[in-house]
Structure formats: C-alpha cells, structure tokens
Amino acid sequence: MGGKKQPEETPLMKQYHEIKEQNKNAILFFRMGDFYEMFHEDAIVASKILGISLTSRDRNSPNPVPLCGIPYHAVDVYLTKMIKAGQRVAICEQVEDPKTAKGIVKRKVIRIVSPGTVIDQTQIISEDSNHIFTITKQGKYVGVSFVELTTGEFYGAEFHEKSKKKIIDFLGQQSFSEVVVTSSTLSYLNEILREVNKEKVCVTTVEDWYFDKNLTGKILKEHFQVLALDGFGLSEKDALIVAAGGLLNYLKDTQQSELKHIETIRVVEINSFMSLDFS
C-alpha cells in the first residue's frame, strides 16, 4: 500500500535548506570542514562554470542529491570564475568550533559576493569602475544611486518620470556591473537597460523592505550620523533618498559591514546635466 517512504532529511541537509531558502538568488558556498560544498541546482550550475566534477550525495538512494565542492584555501580563484560568469555567491561559514559543537555545527552566511560588490581587483569584471546601482520610482519621480565599494564613491540623481531621455543619457555614461531592484520596478529597469545596451548586466531582485520609504532616510541619517539630509542636497528628493538609502541598506546587509569608508553622498543635479538630444 502506498509508495516508498522518503528518507528523513538529515540535520545537516535541513540546515543547508534553511540557509539556502534565505539566499535563493545566490549560489551557496556551504562550508564543510576544508571544503565549500554546493548541492542540488547550485552544484549543477557551479560545476559547469568552475570546470569541476559533479558527483552526488547519498548516491545509493532513490533520489541522490547533486554535489560538487572546492577546497576552502582556493576559494578566491573559484569566486573569480563565478563573478565573471555573472553569478552571486553566498559564502556560508562554520561559526563555531566543530570540536565543541553540540549537535550540528552552526553556520551562517557571512557575505554575499556579486559582480557589483567585489573588492578584490582580480575579480572585477571590467577595467572601468565597478559600480553597483539601483533605480526606484516614487510617485512621479525616479531615483538612481550608485556605489563603488572599493573606493566608497556614492552618488545619485533624481529625475521626473517624463524625462526618460535624460535618464537614458545619464545611465549610458555610467559604468556598472550589477543592478539591485525590487520586483515592482523590474519591468521598468529592463526597459531602461535595453535603451542603454546593458541587458547582460547582473540584475539582483530584492524584497521591497530594503527600499521602504520610512526606513531609507533613517538608514542614511544613521550612516552619516546626521539629524537631517539637507546638507547633502537631498532636501525634497524623496525618490533619490529611497534609492540611496535602499542601496546602502542592501549593501550593509549582504556585506555584513558598516561600510565606514562611504563617507558622503554626491547628488548630481540633472538641471545642469547636458542632454545629447538637441531636437
């Protein structure tokens, strides 16, 4: 009667799936002793990019789990290959000593590495600046913001939604390797990327809370340790505040760092921006 009973999930794989669930849009490098291991679809994708053997866990079971691994001491070499392939990687470390752990060793994602967040020069895709940027819409206005993590450069601009030509001109003159955007803005972003011939750029879709209007201004004030943002030229620029604060919020969360080298934000005044459209 009935089908075969599925084998019960081991504590290790249960832990893996819980962490993977929180990092769905990244390849999970899961630390196990002297190796980072990848499972399921992550293993299939990574093995092709990295040129390493694909094997399986529990190979004698009815449903073996695809598996591949890399030695932890060579992780930078493999990260470079993943980044140049346009992938995001969540690095999950053992955060307690296995010798003293009671039960399964605790693990935690300590950093997410992506084309726009690398700081190792050997991993940077382009010889130009390695910016990560975002674009958001607030009412009738569009905010764009850029960060270069290696230098701490942080800037942005705000446009009226009808100024699409200026948005395209502006973005067309910027260098960036990754875009962070919410799902609600994704179709608008894709439209813009087609216009600036950047359709192959890495696009990272995040939850709306990163760009919450009530949170983003607070994030900027806390980071710069100020009571108001007027001194940065952000007065009444709600779309830019949401873009800049949201991007900073995302970077702090994924890099597990306070990013203290980002010391100011520069606002580009579009009224003085030279559009190439002379018609």
>> Any heavy-atom pair between the side chains of Val142 and Ile135 that's under 4.5 Å?
In response: yes
>> Glu18: which residues meet the salt bridge (charged side-chain N to carboxylate O under 4.0 Å, His left out) condition with it, sequence neighbours left out?
In response: none
> Between the main-chain N or O of Met13 and the side-chain N or O of Thr10, is there a donor-acceptor pair closer than 3.5 Å?
Replying inline: yes
>> How close do Val45 and Gln87 get, counting heavy atoms only, and between which atoms?
In response: CG1-NE2, 4.0 Å
>> In this structure, is the centre-to-centre distance between the rings of Tyr36 and Tyr72 below 6.0 Å?
In response: no
>> So does Glu258 get a backbone contact from the side chain of Lys252, meaning a donor-acceptor N/O pair under 3.5 Å?
In response: yes
> Are Thr254 and Arg111 close enough that a side-chain donor and a side-chain acceptor fall under 3.5 Å?
Replying inline: no
> If we ignore angles and hydrogens, is there a donor and acceptor under 3.5 Å between the side chains of Ser184 and Thr182?
Replying inline: yes
> Does Lys137 make a cation-pi contact with Tyr188 (under 6.0 Å, within 45 degrees of the axis)?
Replying inline: yes
> So, for Ala157 and Val268, which heavy atoms are closest and what is the spacing to 0.1 Å?
Replying inline: CB-O, 3.6 Å
>> Has His73 got a side-chain atom pairing as donor or acceptor with Phe35's backbone, closer than 3.5 angstrom?
In response: no
> Is Asn25 reaching over with its side chain to a backbone N or O of Thr205, donor-acceptor style, under 3.5 angstrom?
Replying inline: yes
>> Contact between Leu248 and Leu259 at the side-chain level, heavy atoms closer than 4.5 Å - yes or no?
In response: yes
> Between Arg194 and Glu191, is there a side-chain N and carboxylate O pair less than 4.0 Å apart?
Replying inline: no
> Taking atom types as modelled, is there a side-chain donor on Glu153 or His131 under 3.5 Å from an acceptor on the other?
Replying inline: yes
> Any side-chain heavy atom of Asp212 sitting closer than 4.5 Å to one from Val242?
Replying inline: no
>> Testing the basics here: between Val109 and Ala90, what is the closest heavy-atom pair and its distance to 0.1 Å?
In response: CG1-CB, 4.1 Å
>> What I want to find out is whether Glu195 reaches Lys165 closely enough, with some N-O distance under 4.0 Å, to be called a salt bridge.
In response: no
>> Is it the case that the side chain of His40 and the backbone of Asp42 share a donor-acceptor pair, with hydrogens and angles ignored and the cut-off at 3.5 Å?
In response: no
> For the hydrophobic clusters of this structure (ILVMFWY residues joined by side-chain heavy atoms under 4.5 Å, transitively), does one cluster hold both Leu54 and Tyr16?
Replying inline: no
> Okay, side chain of Glu178, backbone of Gly116: is any donor-acceptor separation there less than 3.5 Å?
Replying inline: yes
> Do Ile132 and Thr204 come close enough that some side-chain heavy atom pair is under 4.5 Å?
Replying inline: no
> Got a donor-acceptor contact below 3.5 angstrom from the Lys20 side chain to the Ala26 backbone?
Replying inline: yes
> Below 4.5 Å, heavy atoms only, C-beta onward: do Ile52 and Ile70 meet side chain to side chain?
Replying inline: yes
> Between Ser47 and Ala43, is there a donor-acceptor pair closer than 3.5 Å when you use the side chain of the first and the backbone of the second?
Replying inline: yes
>> Would you say that Ile112 contacts Thr117 through its side chain, given a criterion of any heavy-atom pair below 4.5 Å between the two side chains?
In response: no
> Does any N or O in the side chain of Thr134 come within less than 3.5 Å of the main-chain N or O of Ser145, such that one atom is a donor and the other an acceptor?
Replying inline: no
>> Treating Asn249 as the side-chain partner and Tyr210 as the backbone partner, does any N or O pair qualify as donor plus acceptor under 3.5 Å?
In response: yes
>> Testing the basics here: between Tyr155 and Ile265, what is the closest heavy-atom pair and its distance to 0.1 Å?
In response: CA-CG1, 4.1 Å
>> Distance check, rounded to the nearest 0.5 Å: Ile27 atom CD1 versus Ser114 atom OG?
In response: 13.0 Å
> To the nearest 0.5 Å, what is the distance between NZ (Lys84) and OG (Ser177)?
Replying inline: 12.5 Å
>> Looking only at side-chain N and O atoms, does Tyr250 offer a donor or acceptor that is under 3.5 Å from a partner on Gln255?
In response: no
> To the nearest 0.5 Å, what is the distance between CD1 (Ile83) and CZ (Arg88)?
Replying inline: 9.5 Å
>> Let me confirm one number: the CG-OG1 distance from Asp97 to Thr100, rounded to the nearest 0.5 Å.
In response: 4.5 Å
> Parallel, tilted or perpendicular: which describes the rings of Phe146 and Phe170, with under 30° parallel and over 60° perpendicular?
Replying inline: perpendicular
> When rounded to the nearest 0.5 angstrom, what is the spacing between NZ in Lys221 and OG1 in Thr216?
Replying inline: 10.0 Å
> Can you tell me how far CG of Leu229 sits from NZ of Lys218, rounded to the nearest 0.5 angstrom?
Replying inline: 13.5 Å
>> Checking side-chain polar atoms at under 3.5 Å, does His223 have a donor or acceptor matched by the opposite partner on Lys260?
In response: no
> Going by an N to O cut-off under 4.0 Å, is there a salt bridge joining Lys140 and Glu161?
Replying inline: no
>> Taking the side chain as everything from C-beta on, heavy atoms only, tell me whether Lys24 gets closer than 4.5 Å to Glu21.
In response: yes
> Between Gln94 and Arg107, do the side chains contain an N or O donor and an N or O acceptor separated by less than 3.5 Å?
Replying inline: yes
> Would Glu37 and Arg31 pass as an ion pair if we require N to O under 4.0 Å?
Replying inline: no
> Yes or no on side-chain hydrogen bond (donor to acceptor under 3.5 Å, both in side chains) for Tyr141 and Glu236, after CA distance, side-chain angles and deciding distance?
Replying inline: CA-CA 11 Å; Tyr141 291 90; Glu236 298 183 4; over 6 Å; no
